[in-house]
Every structure is written in C-alpha cells, then in structure tokens.
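A short worksheet on the structure shown next.
Just so we're on the same page: letters track the sequence lines, and every chain starts at 1. Everything numeric in this text was worked out from a predicted model, so none of it was measured.
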There are 2 protein chains.
Amino acid sequence: MALLGLLKATGPASGYDLAKLFDSSINNAWKAGHSQIYPELARMTEDGLVTVEADGPRGRKTYTLTDAGWEALRHWLVGREPERHWRSEAALRAFLLPLLDAREAAAWLRREAEYYAERLRSLEELRHADGEEYPMKRAGFGRYALELGISQNRLLRDWALDSAADLERRAAEEENETATGEDAAERRAGD
Amino acid sequence: MALLGLLKATGPASGYDLAKLFDSSINNAWKAGHSQIYPELARMTEDGLVTVEADGPRGRKTYTLTDAGWEALRHWLVGREPERHWRSEAALRAFLLPLLDAREAAAWLRREAEYYAERLRSLEELRHADGEEYPMKRAGFGRYALELGISQNRLLRDWALDSAADLERRAAEEENETATGEDAAERRAGD
DNA sequence: GGACGACATATCAATCTCCACATGTGGTTA
DNA sequence: TAACCACATGTGGAGATTGATATGTCGTCC
C-alpha cells in the first residue's frame, strides 16, 4: 500500500526510484528495503494494480498505477480496520524500566532524550526545507504527518527528561532516608 | 525480552500466566499470542535464560528466570542499539492522507480522533485503578510508560482534530474561490 | 581507456509473525 | 453426572521481513 501511495503521489517510477523515495520520505512511518520492493511490485503487477514498461537504460522498468490500483489504495486509506500491530521497542523498554535501579534508569532516559532531540532537530529542518531537498513536499505531502512527527518527538524528549528528573529525585530522597537511618544506627552503636 | 521482563517483575510463572499478563499490561507496547509465547519459552530454556519445572495440575509448567536470563534482560534494557522497526499503519495513512480530497481526509481524521480519545479514556481509568485491577501496578510498574501512553494519545487526538479543522477550512476557502469564479463566469455569460 | 560510483534488478535462506487448528484437564454448578 | 468454562500447552502453514549475495550497465572524471 505504501508503494501504491508513492506511485500515486509521484507518478510513474521504477523500483529503484521508489526505494530511494521510501528512504527520503515515509521511512519514519514504514521501512522497506529493495528486497521487499521488487517482489512486491511483481506481485502488484500480477494483481493488475500497476503496469510495467521496460523503457529506460540498464533494464529499468517503469511502473504506473492503474485505476484498479488507485481504487485499492483509496479503499485502504478510507477503510478503518483497527490497527493491527502497534509494536515499539522503545515503549517496551519504557515499560520495563523500573526493573533497573533509579540511577541507571535515569541515565538511560537521558540518552533516550538526546536521541529524540536529534530527531526533532532533523524534522524541524525538514519543515523549513524546500521541495528540492524533500521531494515529497512538492506534492504537498507529509504536511500533517511532519507536524505529527515533530510533536511526537518533542513529547518523547520531554517525557524522557521529566521521567529522568523524577527518578533522580526519588533516588536522592531514598538515599537521604537510608543515610539518616544509618546515622541513627551508628549513633545507637556509639552509645 | 518482554517475557524475561515479565518473569523478572512477577516472579515464576507459567506460559499461560504470562500470556494473560501480556494482555493486561504491555499489550499496548508489544503484542504476543500464546502461540508465540510457548515456543519462545522453550527456546529460552534451551539457552539457559529460564528454567522449567512441571509442577501444577493440567501439565502446568512454571518458568523461573535464571541469573543468566536477568543478565541478558539487563543488557538489553541498558543497551542502546538504534530501534530496529518503527512501523505504524496509522503514520503511513497520515502520510498518504493528502491523496484523498480534503473533506474525505478530514472525516477520516475525525474518526481517528475518536479512536484515540477512547484509548485515552481507558488509559486514564487505568491510572486511577488500583493494583487489583491492574496487576503490574503492584510492582510499581508501568508508571512512566502509562504517563507516556496518556500523553501520546492526547497528542494524537489533538493532532487529528486540528488537522481535520485545518483541512475543512482549506476546503471551504477553495469552494468559495471556485464559487466566486463561477459567479464571474455567469455574469460574463449574462452580459 | 580505465576506474569508480550511481543506477538497476533480482534471489535465497533464516527468521519472525499471525492465525487457525488441535488436544486435553480440573473445578463448579445446575 | 453432565455440561461448561477456565486452565494449559502445543503444532503447522502461509506470508512477511531481514540481510546477504549476486549481477550487470551507464556516465563521468582523470
């Protein structure tokens, strides 16, 4: 479906073009290497969703979206089957974080925050980039998706920083209590 | 890894227990049915990450985390290999949204917003629920992950509503322009 | 004219994942 | 005591995914 979408957005293209386009546009939402793209294009050709034409040099094949393909894409876009797999390593780690001690967890979160901050920067750059650098923008694309990505990364960064601060505060409090307890014990021992 | 984490968090458990726990806890971050869990437990037993003991009735097998298992889990939690698969159907749809006309896209977004709002409600309920209803809370778990989930769903809901409103505004503007153009044409025709 | 990098397509094996099918036991309740 | 539900564990096959490997061409720069 992602391939159909790109074909619709850009017009006829080769598998190679699509692979590059994938990288430079929806790679944040969906990943696919050329070893997935080529067989998929062959399958879609069989299904009549696209047509092929061998035209360019180096055995280049240009694929074009058919009416049936656009219909299928449209149907998928509008359809609302509940999302099948929402799966995120980051979320899993976040969930299991309390297994580590507070200091360690906080350190991990701070590194995570840096990572999100970096992604945030690169997305914000994209927002100010023009069509040359960001081909999908020419088609008015990714406008809303880009804003979403920016907001999400900002949220993630702030969440990581806040959680880290919270964990550190708790750790400090605990150490204080322990220290007080030890002081008391020492005082008792000294009696 | 998710399994190891749950084992660490809850202590010894059977595959059945883990499957249920999965559903009631990290299901939002990671999904796994029993048909994945049982083979995975067998594999981890071979690798020495857990030990099995057939004890309960009905062929129940209880799995216990070994030191090696905890070490592996710890290593995974602390380690920071860049996230491998971030893949989201919703994000993909969001990206391809401009392929639809504005009204249709807005309608889709409003339905999407409803969905996020519902998830938001259920997560907020979870926040106020006590350990009885939400077993992982007993272990102090999911505290930060839960807050993250709430923030994310709120963000998603607001993004969908804002984007829908924006699309509708643009569609209305366009229609106005078109109508004005037609008026002018009619006036010319009437001359 | 040779080297090199970008263009361009393809296949294979290993692994992961999903869904459906399959099988059986223990406790409770009508 | 029969029925039923929760408990409990598996297998098998289709399809997706990843990463490695393979092969060859075109244009350009030195």
Query raised in the report: Hey, does the side chain of A/Q36 come within less than 4.0 Å of D/dT18's phosphate (OP1/OP2), counting only N and O?
Result: yes

Report task. Determine whether A/R93 and A/L97 make a side-chain contact, defined as any pair of heavy atoms from C-beta on separated by less than 4.5 Å. Result -> no

Query raised in the report: Does OP1 or OP2 of C/dT9 have a side-chain N or O of A/Y38 closer than 4.0 Å?
Result: yes

Requested in this report: Take the protein atom NZ of B/K20 and the nucleotide atom C1' of D/dT9, then report the distance between them rounded to whole Å.
Outcome: 15 Å

Requested in this report: Tell me whether the OP1 or OP2 atom of C/dG26 has a side-chain N or O from B/R58 closer than 4.0 Å.
Outcome: no

Requested in this report: Provide, to the nearest angstrom, the distance between the CG atom belonging to B/D17 and the P atom belonging to D/dA8.
Outcome: 6 Å

Query raised in the report: Should A/Y16 be listed as having a side-chain N or O under 4.0 Å from OP1 or OP2 of C/dC7?
Result: yes

**Report entry** Close side-chain approach of B/R74 and B/W70, heavy atoms under 4.5 Å
**Finding:** yes

Query raised in the report: Atom CD1 of B/I37 and atom C1' of D/dT9: how far apart are they, to the nearest Å?
Result: 12 Å

Requested in this report: Give the rounded distance in Å between these two atoms: CE of A/M44 and P of D/dA16.
Outcome: 12 Å

Query - hbond_proxy A/H34 side chain to C/dA10 base (donor-acceptor, 3.5 Å cutoff) - result: yes

Query - Qualifying residue for side chain to side chain contact (heavy atoms under 4.5 Å, CB included) with B/L6, from B/D17, B/I26, B/L65 - result: B/I26

Report summary line: In A/R119, A/E112, A/E118, the residue satisfying side chain to side chain donor-acceptor pair (under 3.5 Å) with A/Y116 is A/E112

Report summary line: DNA chain D nearest-nucleotide lookup for B/P57 and A/R43: closer to the 5′ end is B/P57

Report summary line: In whole angstroms, the gap separating P of D/dT25 from CG of A/D55 amounts to 18 Å

Query raised in the report: Hey, are the side chains of A/L4 and A/V50 touching, using non-hydrogen atoms and a 4.5 Å cut-off?
Result: yes

Requested in this report: Starting at atom CG of A/L41, determine the distance to atom P of C/dA10, rounded to an integer number of angstrom.
Outcome: 9 Å

Query - Length of the line joining B/D23:CG and D/dA8:P, which is rounded to integer Å - result: 15 Å

Query raised in the report: Is the distance from OP1 or OP2 of C/dA10 to the nearest side-chain N or O of A/K61 less than 4.0 Å?
Result: yes

Report task. Provide, to the nearest angstrom, the distance between the CH2 atom belonging to A/W30 and the C1' atom belonging to D/dA16. Result -> 10 Å

Query raised in the report: So does B/S35 reach the base of C/dC19 with its side chain, donor to acceptor, closer than 3.5 Å?
Result: yes

Query - Given C/dA8, D/dA8, D/dT11, the nucleotide with the shortest approach to the side chain of B/R60 - result: D/dA8

